[in-house]
Amino acid sequence: MAADDTVSISACIVCRNEADRLVACLESLGWVDEIIVLDLESTDDSAAVARAHGARVVSHEVIPVVEPLRNVVAGEARGEWILAMDPDERVTPGLATELRALSARADIDAVEIPFMNHDLGYPASHPMHRFDPKPRFYRRAAVSWPSEPNILPQVPAERVHRIAWRDELVMVHERNRSVAEAIERALRYAPAQAQAMVDAGEIFTARAMLRTLGGKAYKQFVQAKPWRDGVPGFLRAGILVAFHFYVWAAF
């Protein structure tokens with residue numbers, strides 16, 4: 001890790017009971033200047049694993065969704081640039097080189113990273129899930145994270161750099177290793193997303209629910225061409241549509 005006065009890039013990770021995932025994530029971050037793990041009262045070895053890999057561990061109370069915590073962990077960082085990560089993600093070598101070079105540019109405040117989603121152990125073949133763009137690398141002073149679940153920061157288009165969609169330049173995301181993990185994530189996120197809809201003043205109607213779910217089903221079962229990936233592709237589509245059904249049921 002770099003000395004305090006030479007910190008340029010800080011990797012910021014929010015973690016709860018994910019020691020088994022954390023090792024690969026941390027091992028992919030040898031190129032950053034500091035690593036901060038915001039540990040949400042883990043009862044496994046997450047904190048010890050983080051410290052063993054040179055990370056600074058900050059303890060925090062448990063919150064079921066990660067978005068409100070992105071700014072908390074970034075507030076602990078010293079770097080000009082933040083790489084926001086989860087324990088189930090890892091940086092490919094090509095992406096590491098690309099991000100280090102982009103951190104020297106003064107004309108951008110955020111970088112859209114293509115995420116290659118793996119579900120049930122299989123990477124997606126369709127670009128919708130193979131190169132899912134997210135602005136996870138950003139200038140700390142210019143970007144803040146919204147508190148609503150599954151909402152990304154808004155950055156002026158002219159200040160965003162979009163990394164080319166190539167396999168060697170992706171963030172690998174082990175999104176759902178099993179159906180049980182997908183259900184656990186839905187149990188945490190869907191009620192919070194439904195509450196955000198209530199807080200925003202949205203009114204429930206069956207028509208709106210059916211229109212939204214129909215759109216999600218068309219996107220996942222038709223546009224994403226799940227048959228290219230066989231059974232894992234159809235399971236991926238079903239898991240993603242089922243999540244939105246649960247959101248509307250909770251709403």
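Because the structure is a prediction, the values reported are computed rather than measured.
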Can a donor-acceptor pair be found, under 3.5 Å and without considering hydrogens, that links the side chain of [X] to the backbone of [Y]?
X    : Y    : answer
S10  : I82  : no
R21  : P87  : no
N71  : W145 : yes
R159 : D107 : yes
H129 : P123 : no

Hey, any chance L22 and W31 share a hydrophobic cluster, counting ILVMFWY side chains that come within less than 4.5 Å of each other, even indirectly?
->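 L22 clusters together with W31.
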With ring centroids as reference points, do F137 and W81 lie under 6.0 angstrom apart?
->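 Close enough - the centres of the two rings lie under 6.0 Å apart.
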Check residues 191-201 and write down every donor-acceptor pair under 3.5 Å in which the side-chain atom is one partner and the other belongs to a residue at least two apart or another chain.
residue	atom	partner	partner atom	Å
Q193	OE1	N150	ND2	2.7
Q195	NE2	D199	OD1	2.9

Where I36 and V73 come nearest, the two heavy atoms and their spacing |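 Taking every non-hydrogen atom into account, CG2-CG2, 3.8 Å.
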Partner of V37 under side-chain contact (heavy atoms from CB on, under 4.5 Å), chosen from C15, C12, C25 =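 Result for side-chain contact (heavy atoms from CB on, under 4.5 Å) with V37: C15.
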Contact list for residues 240-251, test side chain to side chain donor-acceptor pair (under 3.5 Å), sequence neighbours left out |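 As it turns out, there is no side chain to side chain donor-acceptor pair (under 3.5 Å) pair with a partner in residues 240-251 once direct neighbours are skipped.
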N/O donor-acceptor pairs under 3.5 Å from side chains in residues 43-50, not counting sequence neighbours:
residue	atom	partner	partner atom	Å
T43	OG1	N17	OD1	3.3
D44	OD1	S46	N	3.0
D44	OD1	S46	OG	2.7
D44	OD2	E18	N	3.3
D44	OD2	A19	N	3.2
D44	OD2	S46	OG	3.3
S46	OG	E18	N	3.0
S46	OG	A19	N	3.2

For L95 and V170, what are the C-alpha separation, side-chain angles and deciding distance, and is it a side chain to side chain contact (heavy atoms under 4.5 Å, CB included)?
-> CA-CA 6 Å; L95 177 61; V170 301; 6.0 Å; no
